[in-house]
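Each remark here refers to the structure printed beneath this line.
Quantities reported herein were computed from a predicted structural model and do not represent experimental measurements.
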Amino acid sequence: MLSLTGGVVLLAALLHASWNAMLHGNRDRFLSMTWMSIAIAAVATIIVLSSPLPARAAWPYIVASGLVHIFYNMSLVRSYRRSDLALAYPIARGSSPLLVTLGAALFAQESISPLHGLGVAMISGGIIAIALQGRRMSRAGALAALATGATIAIYTVIDGIGVRLSGGQAVSYTAWMFLFYWLMPVLFVAMRGIGPLWAPVRAEPLSVGVSLGGGLVSLVAYGIVIWVLQAGAMGAVSALRETSVVFAVLIGRVFLGETVSRARWLACMVVTAGAICLGL
């Protein structure tokens with residue numbers, strides 16, 4: 001995993017932390033996530049029109065992953081309403097490698113080595129440390145972040161299995177799955193109406209532009225992960241990607257002005273070290 005492929009996954013980690021910072025930095029996260037989803041779904045629509053279909057065996061996984069991603073988006077918005085990026089992001093992303101590793105062992109018969117076991121223990125310990133020392137992390141906030149981590153694990157395992165059944169059509173698989181992101185503007189309009197969706201286009205075009213850019217970054221970041229999942233162990237890929245917790249804390253500190261204590265830095269480093277152990 002510590003190869004060119006590993007470097008690509010680390011790039012995905014940086015991209016992922018970046019679009020999460022874009023989302024968290026917006027005052028209305030639901031609105032921002034909706035415009036991100038519009039950008040993702042629009043690009044996905046263009047791709048599916050010019051790509052071959054994935055193999056029939058992959059379609060149940062495409063549908064399941066697409067729907068879980070919608071739940072993930074809503075859970076992420078809820079999590080960021082309750083906590084700082086430097087708190088919510090490490091818990092959500094740090095908990096997922098443990099769950100992905102267990103899910104991959106159960107549903108894809110991927111084994112867990114002693115080194116992976118050590119990585120799981122380090123990640124779990126780091127997450128607990130973050131939750132205990134974070135003064136502004138309420139119980140509701142912690143549960144929201146953990147729920148987000150669970151949805152991450154679910155769609156990662158689904159996509160890890162699904163892309164391997166796609167007949168080598170990772171790009172097409174990813175695009176068809178992301179078509180479900182058209183459901184986000186439908187949900188937004190159903191809950192708030194069409195006016196609040198279009199009003200920022202004139203009032204705050206820069207904010208909408210940032211959200212659209214964040215959507216494109218998100219598309220590339222997870223597209224890389226699905227491509228790697230064709231051959232890489234799900235737990236290892238997920239874990240190496242979650243080194244993004246360090247990027248997220250740094251972005252939160254430098255660009256969002258969030259306070260990061262020494263204890264939180266240490267806890268995030270423990271989570272990252274555990275993720276690296278899982279990626280070896």
Roughly how far, to the nearest 0.5 Å, is the [atom2] atom of [Y] from the [atom1] atom of [X]?
X: I38; Y: S211; atom1: CD1; atom2: OG; value: 9.5 Å
X: I40; Y: H69; atom1: CD1; atom2: NE2; value: 8.5 Å
X: T148; Y: N73; atom1: OG1; atom2: CG; value: 10.0 Å
X: I152; Y: S96; atom1: CD1; atom2: OG; value: 5.0 Å

* **W182/T45 under side chain to side chain donor-acceptor pair (under 3.5 Å): CA gap, chis, key distance, verdict** => CA-CA 10 Å; W182 283 122; T45 300; 3.1 Å; yes
* Asked: Is there any salt bridge (charged side-chain N to carboxylate O under 4.0 Å, His left out) pair reaching into residues 200-220, and which pairs are they, with sequence neighbours excluded?
  ->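 Every salt bridge (charged side-chain N to carboxylate O under 4.0 Å, His left out) pair that includes a residue of residues 200-220, provided the two are not neighbours, is R27-E204.
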* **Where at least one partner belongs to residues 101-117, residue pairs that pass salt bridge (charged side-chain N to carboxylate O under 4.0 Å, His left out), sequence neighbours excluded** =>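 Found E110-R164.
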* Asked: Side chains of S172 and S51: donor-acceptor distance under 3.5 Å anywhere?
  ->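 S172 vs S51: no donor-acceptor pair found between side chains.
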* State yes or no: are the ring centers of Y173 and F178 separated by less than 6.0 Å? =>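 No, the ring centres sit 6.0 Å or more apart.
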* Got a sec, which residues hit side chain to side chain contact (heavy atoms under 4.5 Å, CB included) with W198, two or more places apart in sequence or on another chain? ->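 In terms of side chain to side chain contact (heavy atoms under 4.5 Å, CB included), with neighbours along the sequence ignored, W198 is linked to W35, I194, V201.
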* To do: Check for a donor-acceptor pair, side chain of Q230 on one end and backbone N or O of W227 on the other, with a separation under 3.5 Å.
  =>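 Yes.
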* Side chain of T101, backbone of P97: donor and acceptor closer than 3.5 Å? ->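 Such a contact is found between T101 side chain and P97 backbone.
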